[in-house]
Amino acid sequence: MSLSDSLQKLASYRVNNSRASQDVFKKGEALLKAGKAPRDEEGWAFLEQLALAAIDLDRLEVAEICLQKLADKFPGSPRVDVLTGIRMEATQGITPVLEYYNELLLQDPTNAAAWKRRISVLRRARSVDKATEELIEYLDTFYTDPEGWLELADIYVSNRQYTSALQALSHALVLNPQNPFTFVQFAETAYSASDLPLALKMFLLAIDMIERDLDSPESTPPTGLAFRTWWGIKLSTRHLLEGGPSSPSNTSAPKNLKALDVLATERILSAYKGKELEYQRRLVEGWVVRK
Amino acid sequence: MLARVLLLVATCLIFHAAFSTYEHLSYLKALERPEGPIPKSILIETVVALVLGIVGASLNAPPLKEITWSSEMRKRTIDEMDSRLGFANYVTRGRNIFTSRQAIPKQPSPREDH
């Protein structure tokens with residue numbers, strides 16, 4: 001892979017917030033060793049990205065090199081302090097790390113990143129109730145952080161407190177009304193909470209957002225998130241047609257459930273095309289007709 | 001392929017027309033005639049080169065990319081959108097596989113810290 005291709009791929013990982021540590025480490029270490037790391041502003045973001053990937057894979061010597069370069073260039077920067085904290089998390093126990101983050105927060109109470117790291121460490125240390133309290137306090141202070149609301153929803157879902165999770169997700173929805181992923185997460189959480197009409201409503205909103213601009217749906221089978229959403233619609237309509245439980249949120253089911261069911265089945269089956277997917281297609285068709 | 005050929009032909013025609021104009025003007029200068037209008041053939045050659053060049057450049061363009069928000073969202077994955085990097089845990093079991101250390105010092109079990 002050429003130099004510019006590697007750099008482009010790494011930049012796309014940064015933009016998309018992907019966490020592809022193995023790939024980043026392989027490409028980044030090669031660039032660093034060959035001395036071809038970028039020198040401009042992008043170079044510092046590259047070093048941070050490589051340091052995080054190295055810590056993720058426990059290749060701490062590379063992380064040390066990156067951290068040293070960043071600390072030399074930006075002494076006293078809160079971002080570098082947080083990176084140092086993450087490096088500490090890899091080798092030291094929970095208590096010294098928490099003390100370090102408390103130190104940072106005492107010095108600068110507006111350091112949101114340090115607060116988030118502390119919450120993450122508390123969650124890892126299994127004190128989930130303490131982590132949740134801190135996270136709620138954090139979200140009271142920094143409301144416009146969709147990441148925080150998603151993390152809160154994740155904590156609640158892992159404890160099967162679906163109503164609280166839905167409340168957290170609705171805050172995330174207010175902050176990101178154009179993001180279909182949040183809608184699908186809301187819908188799937190409602191489905192897990194046995195609130196089928198709400199789940200169906202949210203799935204339909206999401207699919208409208210995702211497939212709004214398709215001019216010929218017959219020729220473009222759903223992929224990725226669209227496929228997952230169509231499956232959600234199929235499952236919800238199927239259970240609603242069988243007579244599901246009443247909705248805890250008093251949402252009414254849409255009127256044309258049968259038509260939706262047929263549409264969802266058609267969209268799903270259109271994705272299993274070709275010889276390789278023949279077997280899966282027969283499995284899905286069999287499941288569809290079974291009662 | 002055809003597009004490149006058309007572009008090449010259009011470029012050659014343009015250069016040829018330019019050179020012909022230069023030759024024509026130096027011919028007039030040698031005969032000390034006043035600079036008259038450019039001969040029709042050179043004009044036609046230039047216009048043909050323009051048309052061929054436009055067609056070639058249009059055919060040679062890279063395929064169009066989608067610009068709508070929905071098309072962008074269709075390409076993203078849940079792992080990207082739900083990565084929550086601010087809260088990410090960097091102390092996972094992956095370190096046992098990928099490490100370069102000889103032995104990972106056993107971290108105190110989380111429950112002991114309560």
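Fair warning: this is a prediction, and the values are worked out from it, not measured in the lab. Residue numbers start from 1 in every chain, and the chains themselves are labelled A, B, ... in the order their sequence lines are given, proteins ahead of strands.
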For A/Phe142, is the CZ atom crowded, meaning more than 12 foreign heavy atoms sit under 6.0 Å from it?
yes
Quick one: pull up CD in A/Gln49 and NZ in A/Lys27 and give me the separation to the nearest 0.5 Å.
10.5 Å
Can you name the ring-ring contact (aromatic ring centres under 6.0 Å, His included) partners of A/Tyr143, sequence neighbours left out?
A/Trp149, A/His171
Who pairs with A/Ser216 by side-chain contact (heavy atoms from CB on, under 4.5 Å), at least two apart in sequence or on another chain?
A/Glu218, A/Ser219
Highest number of heavy-atom pairs under 4.5 Å with chain B: which of A/Arg212, A/Glu61, A/Gln185, A/Gln178?
A/Gln178
salt_bridge(B/Lys29, B/Glu32) N-O dist < 4.0 Å
no
Within residues 150-159 of chain A, which residues come under 4.5 Å of chain B, heavy atom to heavy atom?
A/Leu150, A/Glu151, A/Asp154
Do A/Ser127 and A/Arg123 have side-chain N/O donor and acceptor atoms under 3.5 Å apart?
no
If one checks every heavy atom of A/Ile86 against chain B at 4.5 Å, the contacting part turns out to be side chain
Regarding A/Glu134 and A/Trp115, do their side chains bring together a donor and an acceptor under 3.5 Å, going by distance alone?
yes
Test item: A/Phe183 and A/Thr229 side chains (from C-beta on) under 4.5 Å apart, heavy atoms:
no
Neighbours of chain B found in residues 11-18 of chain A - heavy atoms under 4.5 Å:
A/Asn16, A/Asn17, A/Ser18
Does any non-hydrogen side-chain atom of B/His16 lie less than 4.5 Å from one of B/Ser20?
yes
Checking B/Thr92 against chain A: side chain, backbone, both or neither under 4.5 Å from a heavy atom?
side chain
Would you kindly check if the NZ (Lys) or CZ (Arg) of A/Arg118 is within the cone defined by 45 degrees around the ring axis of A/Tyr100 and under 6.0 Å from the six-membered ring centre?
no
Between B/Glu66 and chain A, with a heavy-atom cut-off of 4.5 Å, which part of the residue counts as in contact: side chain, backbone, both or neither?
side chain
B/Ser71 side chain to B/Thr68 side chain, donor-acceptor N/O pair below 3.5 angstrom:
yes
Side chain, backbone, both or neither: which part of A/Leu52 has a heavy atom under 4.5 Å from chain B?
both
